[in-house]
Number of protein chains: 2
Amino acid sequence: MPLLQEEYLPNIAYDSVIFGFSKEKLKILILEYHNMKTFALPGGFVKVNEPLDEAVKRGLSERTGLDEIYMEQFHTFGSMERFSPQIMRRILEEQGHFVEDHWMFGRFITVGYYALINYENVVPTPDELSDSIEWYDFDKLPPLMMDHSEIVHKALEHLRSNLDQKLLSFNLLPERFTMKELQQVYEAILGETQNRANFQRRMLSLGILERHDKLYSGGSHKAPFLYSFKKKK
Amino acid sequence: MPLLQEEYLPNIAYDSVIFGFSKEKLKILILEYHNMKTFALPGGFVKVNEPLDEAVKRGLSERTGLDEIYMEQFHTFGSMERFSPQIMRRILEEQGHFVEDHWMFGRFITVGYYALINYENVVPTPDELSDSIEWYDFDKLPPLMMDHSEIVHKALEHLRSNLDQKLLSFNLLPERFTMKELQQVYEAILGETQNRANFQRRMLSLGILERHDKLYSGGSHKAPFLYSFKKKK
DNA sequence: GCAAAAGTGTTGAGAATACACCCATGG
DNA sequence: CCATGGGTGTATTCTCAACACTTTTGC
């Protein structure tokens, strides 16, 4: 029997909104309980002697294999709608655990975190309770269980505000990238097009980009500079 | 014996930073466990069948008698430093409760909320575990237990950002107020003086103020207009 | 009339925006 | 040589801070 009561704090969970970026689209990792046709955000529980932040990082690492990823907490959800023992019971039963009572049937207050990761170098793996984990286009999400849609939208709201300050800490792009790629990230997140010339000027004026002389070759056009984020002091 | 285990969720608490404003100073409500010379933020626990938001409002209402106050959640604190069974035991013992074990000795993850209230019409009352509750100047706080100083500073940080949007929802000023009073609130919160002429223009341009013809009389100078916040639609 | 505080006008600097022009590259 | 995308210049508008001038009030 996994997830022993003694190991975890009851009534507290976290859910993570993991953003990725591919083909000019913003994506999110969603996991599925196949036989139930139920979709949910990857979440988890906090061990008795574990800081909250670490629990969240552990969860991300287990599912994506990524370490050293910056995650930002954005809101804690504590309404009574987040209480559905039936669903939790079915999830456990689908995994072959038939129990009368379980701490996971209780009510949970959940802390929301989000991360931005580089889509390319990730092979997501489902956790012990779910059957699959997939990238979904942000605007084509399946219906999510409980209040998980609300959580996703609140995450995006927080991400959009002060995006400039956040980019540096995040890991959405490869080590070196072109200005165009950076602009596509902005446009995907903000959901609106940016003026190319002004975008470039604004980014450079932030003083967080380093320009590299090496050029990129790919299309039948002028080769763009490559940039990287300056290391934080 | 108060605070029965069955009534409350274990391991989850909230702490509230209640800002008030008086004599051009920003104040905070702090409670004290007298014999222990220990100071703390007013906080509380969540009942088993109670939404988080409601628990927080209940706590504010019990301590200040105020209802219908807007509170904003700003961060959830979950480090292991927030675990000090010795202090909780002494607090209970000072109140005459000698117990071997208690759910309050456990580890807590706490959700931080803040509110801005009108200092004038409040008579704070201590809760069942504390001995007194007092307003303290924000810049003359006593040393606070555990990570409560960090919580206070994070609250102020959140309050300062996008102050314009928040003012409308808050209850820091009387129903009708002068532009000068509003400016003093801003200066107390932001910790820096504002240019009078430009401040006035900026406030009016936000479109959230209603100007009333009635004038205020008080000093030997031109009588200022009174303003109120427009009702939200 | 004078000091104190309130209301409003003017100005200039710097940021943001729109748009235009020229440059490199592959086919 | 032309289509495509990249880099930069410029002119215009907008925002906002600094400061000055005028108005009202009580003494």
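No experiment lies behind these values; they were computed from the predicted model shown. Order of the sequence lines sets the chain letters (A, B, ...), proteins ahead of strands, with each chain counted from 1.
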**Closest non-hydrogen atom pair, B/Leu29 against B/Leu41** =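 Distance-wise, the nearest heavy atoms are O-CD2, 4.4 Å.
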Nearest whole Å is fine: how far is [N] [atom2] from [X] [atom1]?
X        : N      : atom1 : atom2 : result
B/Phe225 : D/dT23 : CZ    : P     : 15 Å
B/Lys222 : C/dC2  : NZ    : C1'   : 17 Å
A/Lys180 : D/dG7  : NZ    : P     : 11 Å
A/Leu209 : D/dG7  : CG    : P     : 12 Å
A/Glu181 : D/dG5  : CD    : C1'   : 14 Å
A/Phe177 : D/dG6  : CZ    : C1'   : 16 Å
A/Arg196 : C/dC22 : CZ    : C1'   : 12 Å
A/Phe199 : D/dG6  : CZ    : P     : 12 Å

**Complete:** Contact check, residues 186-193 of chain A vs DNA chain C, heavy-atom distance under 4.0 Å, returns none
**Request:** Without swapping roles, check the side chain of B/Gln183 against the backbone of B/Gln194 for a donor-acceptor pair under 3.5 Å.
**Result:** yes
**Message:** Just verifying a value: how many Å separate A/Ile18 CD1 and A/Tyr119 OH, rounded to the nearest 0.5 Å?
**Reply:** 13.5 Å
**Message:** Please tell me if A/Gln200 has a side-chain N or O lying less than 4.0 Å from either OP1 or OP2 of D/dG7.
**Reply:**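 True: A/Gln200 side-chain N/O within range (under 4.0 Å) of D/dG7 OP1/OP2.
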Check the orientation of [X] and [Y]. Use parallel for under 30°, tilted for 30 to 60°, and perpendicular for over 60°.
X        : Y        : answer
A/Phe108 : A/Phe45  : tilted
B/Phe39  : B/Tyr136 : perpendicular
A/Phe170 : A/Tyr70  : tilted

**Prompt:** Could you write nucleotides 9-18 of chain C as a row of B, S and -, 5' to 3', where a protein heavy atom under 4.0 Å of any base atom gives B, of only sugar-phosphate atoms gives S, and otherwise -?
**Reply:** BB------BB
**Prompt:** For the side-chain hydrogen bond (donor to acceptor under 3.5 Å, both in side chains) test, which of B/His212, B/Glu181, B/Arg211 pairs with B/Tyr227?
**Reply:**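 That would be B/Arg211.
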**Message:** I need the single residue from B/Lys154, B/Glu72, B/Gln73 that forms a side-chain hydrogen bond (donor to acceptor under 3.5 Å, both in side chains) with B/Tyr114. Which is it?
**Reply:** B/Glu72
**Asked** Does the gap between the ring centers of A/Phe229 and A/Phe177 come in under 6.0 Å?
**Response**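 Between A/Phe229 and A/Phe177, the centre distance is under 6.0 Å.
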